[in-house]
Amino acid sequence: MKCGRYGEWMLLNRPGELDEKSGRELEQHLAACPECRAARLETNRGMRLAALAAERMRQTQPIPSAGMTDRILSAVAREKRPEPARRPWTVPFLPARTGRLVLSGAAACAVLFFAGQEALVLRRVARLEDRMAGRSSVRPAGTESWTELRSRISESVPLDQDRVTVRRSDLEALVRLYPDDPAVRALAGSAKRLTRGRDGGRVSVPDLVRHLEKDPIASEWVRQMEKRGGKSWNRI
Amino acid sequence: MEETDTELMLLARTGDEDAFRRIVERHQGTAYSLALRILGRRADAEDAVQEAFIRVWRHLHRFDTGRPFQSWLNRITANVCLDRLKSADRKRTGEMRPGAEERLVSDDDPARRLEDRDLVRWMERFIPDLPPKQRMVFVLRDVQDMSVEETAEALGMSRRSVISNLCLGRKTLAARFEALEKVGKKP
Ligand SMILES: [Zn+2]
């Protein structure tokens, strides 16, 4: 049927649905085709009523019953803790299947570097934590220290299983959450440089560690993540 | 200080229940509105929203922080609703068929014109009669006012398929409003 698609196009009357060229084509066709004009006239009234009804519905948002939030949250509370980031930065320096005791050259250098820097680093970390303590959104729970909190935060950056990468956007989101934390900023900055500005890029964690070697605080942060998995660099 | 959705999601990943509560509080209204318009009944919609947030919680680590949380939630809610429509469709007995509105209208004053309020009521009646895909597409696009692209993304459909389902849905609804008009005008 020669008029097939015009029948459909006549129903695409909201912005962004029919491109300009097709719109002109439709008008030309309607000018030339009495059947389609008649068909449009036929559906016009119903279309307008339906569109009006949809518009009225858009203007009102139905309100859920008062207890819904609590019902949702108690249903969620009956669930197990969410799936963890399967390998939350615990052995990020090792290729996935090569065993756990082989330390890459870069990481080994970082360990030596740390031996000398540790005191300095710890002082800086302590100062950093004092500053973070002033932020309302970041709060350690119970007996947890700021360092522990930060290592817990590392769980919010999931590693993908096989390629040992993290999402750059996860790190950037951490910056928005912890803008005062230079280590977080360093992590995100490295990720950005390593993905060369590509959006939605993933960063290889070994690359990230190599890139961060020169930044003791960021490296310390990674080390906290490491400890979180019970595999402190010292023990290795 | 007001955290963004992404920030709250990151906090929720660390097990922060308060952050998750705020995500729920912030987005349950939109999710409910979407679910209600697709499913048509309040209790069903509330169940669907609850299920959607359980899925969010289970898959916190799959959320892509590079994209808006709202789109992710729309997609999850739409999927929950679609699952329910599909299983309801199998059990369906055809209790609400075209023709019901004609009886209702002729009970009313025939001279009365369709008012806005009635329009919405009729629409709420007509939408559940659409087949699942048309219903989903129509609600997301025309009632929730998402773009064609957002609708396609939320439903995991191609743009082409969204457009054709949208047209089918609109055409059916237009015909039913048209029929309503004719009935309403009868002496
Ligand atoms: Zn024609």
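Numbers restart at 1 for each chain; the letters A, B, ... are given by sequence-line order, proteins then strands.
- The greatest number of non-hydrogen atom pairs below 4.5 Å with chain A, out of B:Arg21, B:Gln144, B:Glu46, is found for B:Glu46.
- The greatest number of non-hydrogen atom pairs below 4.5 Å with chain A, out of B:Ile54, B:Asp142, B:Val162, B:Thr6, is found for B:Asp142.
- In terms of heavy-atom pairs under 4.5 angstrom with chain A, the leader among B:Leu173, B:Thr4, B:Val24, B:Leu8 is B:Val24.
- Both the backbone and the side chain of A:Leu12 have a heavy atom closer than 4.5 Å to some heavy atom of chain B.
- Atom CD of A:Gln61 has more than 12 heavy atoms from other residues, nucleotides or ligands within 6.0 Å.
- Side chains of A:Glu25 and A:Tyr6: a donor on one and an acceptor on the other come within 3.5 Å.
- Of the residues considered (B:Met123, B:Arg170, B:Gln50), B:Arg170 shows the highest number of contacts with chain A, using heavy-atom pairs under 4.5 Å.
- Taking B:Arg42, B:Arg141, B:Glu51, B:Glu25 one by one and counting their heavy-atom pairs under 4.5 Å with chain A, the maximum is reached by B:Arg141.
- For the side chain to side chain contact (heavy atoms under 4.5 Å, CB included) with B:Leu155, the qualifying choice from B:Glu150, B:Met146, B:Met136 is B:Met136, the only one to do so.
- Considering only heavy-atom pairs separated by less than 4.5 Å from chain B, the leading option among A:Arg14, A:Glu42, A:Arg58 is A:Arg14.
- Neither the backbone nor the side chain of B:Ser147 comes within contact range of chain A, judged by heavy atoms closer than 4.5 Å.
- Taking the ring centroids of B:Trp122 and B:Phe177, they lie at or beyond the 6.0 Å cut-off.
- Contacts between A:Asn13 and chain B at a heavy-atom distance below 4.5 Å involve backbone atoms as well as side-chain atoms.
- More than 12 heavy-atom neighbours from other residues, nucleotides or ligands sit within 6.0 angstrom of CD on B:Glu149.
- Within a 6.0 Å radius of CD in A:Gln59, other residues, nucleotides and ligands contribute more than 12 heavy atoms.
- Between B:Arg121 and B:Asp118 there is a salt bridge, with a side-chain nitrogen of the basic residue lying less than 4.0 Å from a carboxylate oxygen of the acidic one.
- For B:Val143, the parts lying under 4.5 angstrom from a heavy atom of chain A are both the backbone and the side chain.
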